[in-house]
S.K.: 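Handing you this structure, nothing more for now.
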There are 2 protein chains.
Amino acid sequence: MEDRNTGAPGRAQRFTSYSHSKNCAVESALEVIGGKWKGVILFHLLSGEMRFSEIRRAVGAITQRTLTKQLRELEADGVLTRTVYPVVPPKVEYRLTEKGEALTPILTGLRAWGLRYTLSETDATGEEA
Amino acid sequence: MEDRNTGAPGRAQRFTSYSHSKNCAVESALEVIGGKWKGVILFHLLSGEMRFSEIRRAVGAITQRTLTKQLRELEADGVLTRTVYPVVPPKVEYRLTEKGEALTPILTGLRAWGLRYTLSETDATGEEA
DNA sequence: CGGTATCCCCAGTGATACTG
DNA sequence: CAGTATCACTGGGGATACCG
């Protein structure tokens with residue numbers, strides 16, 4: 001990732017000393033759900049387990065390659081499980097783990113915020129329901 | 001808007017007849033705070049207004065160019081305001097708007113989730129008030 | 001059905017230097 | 001202090017084709 005020393009022999013070596021404190025928790029959380037489609041994927045999975053093609057249809061314009069990749073990353077991050085049923089035709093189900101379900105308030109919060117502030121051009125006049 | 005039973009594990013109706021209409025709210029919200037540093041920037045601004053260099057120091061390893069860009073995008077998204085004081089040396093202050101402050105539960109939620117699930121093994125003494 | 005395997009492109013970031 | 005201006009690089013994500 002970092003520390004690539006390609007070309008430029010005189011280049012100053014950048015030191016990625018991560019000395020910033022605990023606020024990185026925000027960052028690391030964002031790294032998990034921050035993929036282009038991850039939020040939407042996780043949101044859909046809040047309703048329960050889904051098959052690959054279901055997710056694909058639900059998310060919309062996403063390629064297989066990208067969906068596979070994002071799902072594998074989410075799996076690697078431990079927010080969902082991937083279950084392969086050895087049947088034919090193949091059947092793979094994705095389901096949130098407890099870690100993933102713990103994102104529920106965040107995901108619904110994001111959706112509520114997005115609805116209120118980004119999709120409806122409601123002026124921020126402090127009107128709260 | 002038919003709520004997709006947020007939080008409840010009821011997987012009765014999971015046929016997303018709406019392809020990706022309102023769920024994009026999650027996506028559009030993520031687009032606002034999903035930048036590499038935006039979450040951290042916003043989180044720091046929860047404490048109050050900050051100057052450019054303060055943010056830079058707080059965030060850590062971020063270049064001026066990138067910080068400027070992310071701040072401008074956040075400003076364009078209406079989550080913060082940029083106030084230039086015509087003094088010398090220059091002084092610019094950044095402050096969350098109401099729209100930005102509405103992200104508070106999400107940001108603190110992200111931080112709590114990140115602390116608990118992604119870096120709890122290191123030093124979970126993030127019991128900041 | 002649920003993937004891999006390639007190839008490609010460009011948006012996002014970083015490094016560095018200069019300025020009002 | 002708070003930016004711009006340039007240049008370079010990477011890697012995330014898309015398009016397409018093929019496979020078990």
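Given the structure is predicted, the values throughout are model-derived calculations rather than measurements. Note on naming: letters A, B, ... go to the chains in the order of the sequence lines (proteins, then strands), and numbering restarts at 1 for each one.
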S.K.: Please report the distance, rounded to the nearest Å, between CD in B:E54 and P in D:dC1.
M.R.: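 Whole-Å distance recorded here is 11 Å.
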S.K.: Would you tell me if any nitrogen or oxygen in the side chain of A:S53 comes within less than 4.0 Å of OP1 or OP2 on C:dC1?
M.R.: no
S.K.: Grab the two heavy atoms, one from B:L80 and one from B:L45, that are nearest each other, plus how far apart they are.
M.R.: CD2-CD1, 3.7 Å
S.K.: From A:T68 OG1 over to A:I55 CD1, what is the distance, rounded to the nearest 0.5 angstrom?
M.R.: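 Separation between the atoms: 10.0 Å.
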S.K.: Please tell me if the side chains of B:V79 and B:V32 come closer than 4.5 Å, counting only heavy atoms from C-beta onward.
M.R.: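 Answer yes - side chains close enough.
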S.K.: C:dC1 P sits how many Å from A:F52 CZ, rounded?
M.R.: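 For the pair A:F52 CZ and C:dC1 P, the rounded distance is 11 Å.
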S.K.: Please report, rounded to the nearest Å, how far the P atom of D:dG12 is from the CG atom of B:L30.
M.R.: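 Distance check: B:L30 CG to D:dG12 P gives 16 Å.
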S.K.: Each nucleotide N or O in nucleotides 7-11 of chain C that has a protein N or O under 3.5 Å away: list the pair and distance.
M.R.:
none

S.K.: Looking only at side-chain atoms of A:P89, point me to the closest of C:dC1, C:dT4, C:dT13.
M.R.: C:dC1
S.K.: Rounded at 0.5 Å granularity, tell me how far OG1 in B:T81 sits from CG in B:L71.
M.R.: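 If we round to the nearest 0.5 Å, B:T81:OG1 and B:L71:CG are 11.0 Å apart.
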S.K.: Which residue pairs pass the ring-ring contact (aromatic ring centres under 6.0 Å, His included) test with at least one member in residues 76-116 of chain A, sequence neighbours excluded?
M.R.: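 Qualifying pairs: A:W113-A:Y117.
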S.K.: So, taking the atom named CZ in A:R57 and the one named CZ in A:R51, what distance separates them when rounded to the nearest 0.5 Å?
M.R.: 9.0 Å
S.K.: Search all heavy atoms of B:R111 against all heavy atoms of A:A25 and return the closest pair with its distance.
M.R.: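 Looking at all heavy atoms of both residues, the closest pair is O-CB, 3.5 Å.
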S.K.: Could you tell me which residues satisfy side-chain hydrogen bond (donor to acceptor under 3.5 Å, both in side chains) with A:T63, sequence neighbours excluded, listed by chain and number?
M.R.: A:T66
S.K.: For residues 72-96 of chain B, which residue pairs qualify under salt bridge (charged side-chain N to carboxylate O under 4.0 Å, His left out), counting only residues two or more places apart or in two chains?
M.R.: B:K38-B:E73, B:E49-B:R95
S.K.: When we call it a touch if two heavy atoms are under 4.0 Å apart, what does A:P90 touch: a base, just sugar-phosphate, or nothing?
M.R.: base
S.K.: Answer yes or no: does a side-chain N or O of B:Y94 lie under 4.0 Å from OP1 or OP2 of D:dC1?
M.R.: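 No, no such contact exists.
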S.K.: Write down the distance between NZ (B:K36) and P (D:dG13), rounded to a whole number of angstrom.
M.R.: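 In whole Å, D:dG13 P lies 14 Å from B:K36 NZ.
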S.K.: Expressed as a whole number of angstroms, how long is the span from B:L67:CG to C:dG12:C1'?
M.R.: 15 Å
S.K.: Please report the distance, rounded to the nearest Å, between CD in A:Q64 and C1' in D:dG13.
M.R.: 14 Å
S.K.: Taking A:S28 for the side chain and B:G114 for the main chain, is one N or O donor matched with an acceptor at less than 3.5 Å?
M.R.: no
S.K.: Verify side chain to side chain contact (heavy atoms under 4.5 Å, CB included) between B:L110 and B:I33, making sure each step is shown before the conclusion.
M.R.: CA-CA 11 Å; B:L110 280 170; B:I33 70 170; 4.2 Å; yes
S.K.: Whether B:T63 contacts C:dT13 is assessed here as follows: a side-chain N or O lying under 4.0 Å from the phosphate OP1 or OP2. Is that the case?
M.R.: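 Indeed not, no polar side-chain atom of B:T63 lies that close.
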S.K.: Less than 4.5 Å apart, side chain to side chain, heavy atoms only: is that true for B:L67 and B:I41?
M.R.: yes
S.K.: Nearest whole Å is fine: how far is C:dG12 C1' from B:W37 CH2?
M.R.: 13 Å
S.K.: Going by number, which of residues 70-85 of chain A have a non-hydrogen atom under 4.0 Å from DNA chain C?
M.R.: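 Heavy-atom contacts with DNA chain C come from A:R72, A:R82.
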S.K.: Just how large is the angle between the end axes of the helix from C:dC1-D:dG20 to C:dG20-D:dC1, five pairs per end, to 10 degrees?
M.R.: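 About 60° separates the two local helix axes.
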S.K.: Just how far, in rounded Å, is C1' of C:dG3 from CD1 of A:I55?
M.R.: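 Taking atom C1' of C:dG3 as the reference, CD1 of A:I55 is at 13 Å.
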